[in-house]
There are 2 protein chains.
Amino acid sequence: MYKKKLFEKFISFTASVHTTTHNITKGAKPSNISQVQYKILELVSISQPMTPSEINDCLNMSMPNTSRELRLLSEKKLIEKTLDPDDRRKQYIGLSPEGKDLITDAFSIIESRFSDRIQHLSENELQEVDQALDFLQKKLFQ
Amino acid sequence: MYKKKLFEKFISFTASVHTTTHNITKGAKPSNISQVQYKILELVSISQPMTPSEINDCLNMSMPNTSRELRLLSEKKLIEKTLDPDDRRKQYIGLSPEGKDLITDAFSIIESRFSDRIQHLSENELQEVDQALDFLQKKLFQ
DNA sequence: TTATTTAGTTATCAAAACATAACTAAAGGA
DNA sequence: TCCTTTAGTTATGTTTTGATAACTAAATAA
């Protein structure tokens with residue numbers, strides 16, 4: 001059946017994405033932060049600012065663990081917490097200047113690997129890649 | 001610049017894929033195996049048979065760790081090892097019947113979640129999804 | 001035949017990640 | 001007011017994962 005095939009394609013696709021992300025990212029993260037800590041910084045850099053709960057949900061963690069990792073990042077001066085004036089239970093997490101620098105450095109390594117990967121593609125193919133990323137993110141990966 | 005935008009889209013896309021995979025997969029893995037062990041079974045189920053070295057490379061592990069996880073999976077009777085008759089250093093890893101059952105069960109949970117996710121898409125959009133998956137896997141995720 | 005390389009294993013240790021319980025403090029409702 | 005819910009924290013223990021060194025055994029090249 002058609003949907004079965006599509007499902008298999010989906011499984012194989014996500015496995016490839018995982019492998020590729022791992023390869024393209026490896027070595028870009030500085031060794032003084034852990035993998036989850038890097039993921040948090042990356043996430044926050046994409047959609048700043050976020051609350052701990054939102055980070056928790058996006059990265060599928062548990063609040064105690066999220067809280068601890070945020071504390072560690074905060075102790076390393078890589079993020080900054082600000083309280084919501086309207087609801088003082090909430091806080092917003094943003095990157096500190098040092099955190100921004102860290103992500104900038106990491107992204108520049110990753111971006112150069114990404115460039116290598118797309119360098120042989122034609123203008124047309126690049127546009128198709130662009131559209132496919134948009135389309136899948138919207139329709140399948142929300 | 002155009003490529004910069006594409007890169008940002010790539011980062012955001014891969015983050016979404018990770019979140020979605022995690023959500024769609026959560027609870028599908030039985031609790032008696034670990035995450036990497038599940039990943040190994042999933043991988044082997046996609047491209048059976050594989051050598052330990054190949055598994056090692058795909059999942060970006062180190063040989064000692066791959067070897068340990070394969071031993072544990074083997075002890076749980078979820079995989080089977082067969083020696084290459086032409087090169088007796090090599091071995092091929094395949095799923096045992098129990099391993100196949102495990103993956104079948106997990107996939108049926110994941111597949112039903114996948115169905116929920118694509119159910120509101122039209123025939124046309126489904127075809128576009130199919131093509132986009134093919135295209136990106138080939139051009140970007142190798 | 002004697003290196004050398006390849007494929008995989010065993011042992012051990014450390015770090016990262018995960019899970020649970022018990023907690024504070026603010027907000028919102030009855 | 002009191003109760004409940006929401007947002008986040010602290011403490012603690014366990015499991016998973018990762019890293020390194022030292023190893024076997026087969027294949028291959030010199």
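Computed from a predicted structure; not experimentally measured. Below, chains carry the letters A, B, ... as their sequence lines are ordered, and counting in each starts from 1. Values reported hereafter were calculated over all heavy atoms of this structure, with side chains retained and with hydrogens, waters and symmetry mates removed.
- Neither OP1 nor OP2 of dA15(C) sits under 4.0 Å from any side-chain N or O of S34(A).
- The nucleotide whose nearest atom lies closest to any side-chain atom of R89(A) is, among dT9(C), dC18(C), dT6(D), dT6(D).
- With rounding to the nearest 0.5 Å, the separation of CZ in R113(A) from OG1 in T20(A) is 12.5 Å.
- Atoms CG (L73(B)) and C1' (dT9(C)) sit 16 Å apart, rounded to a whole Å.
- In terms of phosphate contacts, K90(A) brings no side-chain nitrogen or oxygen within less than 4.0 Å of OP1 or OP2 of dA25(C).
- Within the nucleic acid shown, N65(B) comes within 4.0 Å of at least one base atom, counting heavy atoms only.
- Dashed line: the shortest gap from a side-chain N or O of K81(A) to OP1 or OP2 of dT9(D) is under 4.0 Å.
- The side chain of V36(B) lies closest to dG18(D) when the candidates are dT9(D), dG18(D), dA17(C).
- Separating the OH atom of Y38(B) from the P atom of dA17(C) is a distance of 21 Å, rounded to the nearest angstrom.
- Residues F107(A) and E8(B) are not in side-chain contact: their nearest non-hydrogen atoms beyond the backbone lie 4.5 Å or more apart.
- Here K29(B) contributes atom NZ and I109(B) contributes atom CD1; the two are 11.5 Å apart, rounded to the nearest 0.5 Å.
- Rounded to whole Å, the distance from NZ on K29(A) to C1' on dA16(C) is 10 Å.
- Across dA27(C), dT9(C), dA26(D), the shortest atom-to-atom separation from the side chain of R88(B) is found for dA26(D).
- One interatomic measurement links the two molecules: CE of M61(A) to P of dT9(D), which rounds to 12 Å at whole-angstrom precision.
- Nucleic acid contact class of T51(A) (heavy atoms, under 4.0 Å, all strands): sugar-phosphate only.
- Rounded to an integer number of Å, the gap from E54(B) CD to dA7(C) P is 10 Å.
- Going from atom CG of L83(A) over to atom P of dT9(D) covers 10 Å, rounded to whole Å.
- T19(B) places a side-chain N or O within 3.5 Å of a backbone atom of C58(A) that can act as its donor or acceptor partner.
- Residue D84(B) is out of contact with every strand shown, counting any heavy-atom pair closer than 4.0 Å.
- Nearest to the side chain of P64(A), among dT9(D), dA19(D), dT5(D), sits dT9(D).
- For R68(B) against dG18(D), a side-chain-to-base donor-acceptor contact under 3.5 Å is present.
- Using a 4.0 Å heavy-atom distance criterion, E69(A) is classed as making no nucleic acid contact.
- To the nearest 0.5 Å, atoms NZ (K139(B)) and CD (E128(A)) are separated by 8.0 Å.
- Counting non-hydrogen atoms under 4.0 angstrom, D86(A) reaches the backbone sugars and phosphates but no base.
- Atoms CD (E75(A)) and C1' (dT9(D)) sit 13 Å apart, rounded to a whole Å.
- Checking D87(A) against Y92(B), the closest nucleotide of DNA chain C that is more toward the 5' end is the one next to Y92(B).
- Here Q91(A) lies in heavy-atom contact (under 4.0 Å) with sugar-phosphate atoms only.
- Separation of atoms NZ (K3(A)) and CD1 (I118(B)) is listed at 4.5 Å; rounding is to 0.5 Å.
- Protein atom CD of Q35(A) is 17 Å distant from nucleotide atom P of dA15(C), rounded to whole Å.
- No engagement by K39(B) is indicated, since no non-hydrogen atom pair under 4.0 Å with the nucleic acid exists.
- With dT17(D), dT10(C), dC18(C) as the candidates, the nucleotide lying closest to the side chain of R71(B) is dT10(C).
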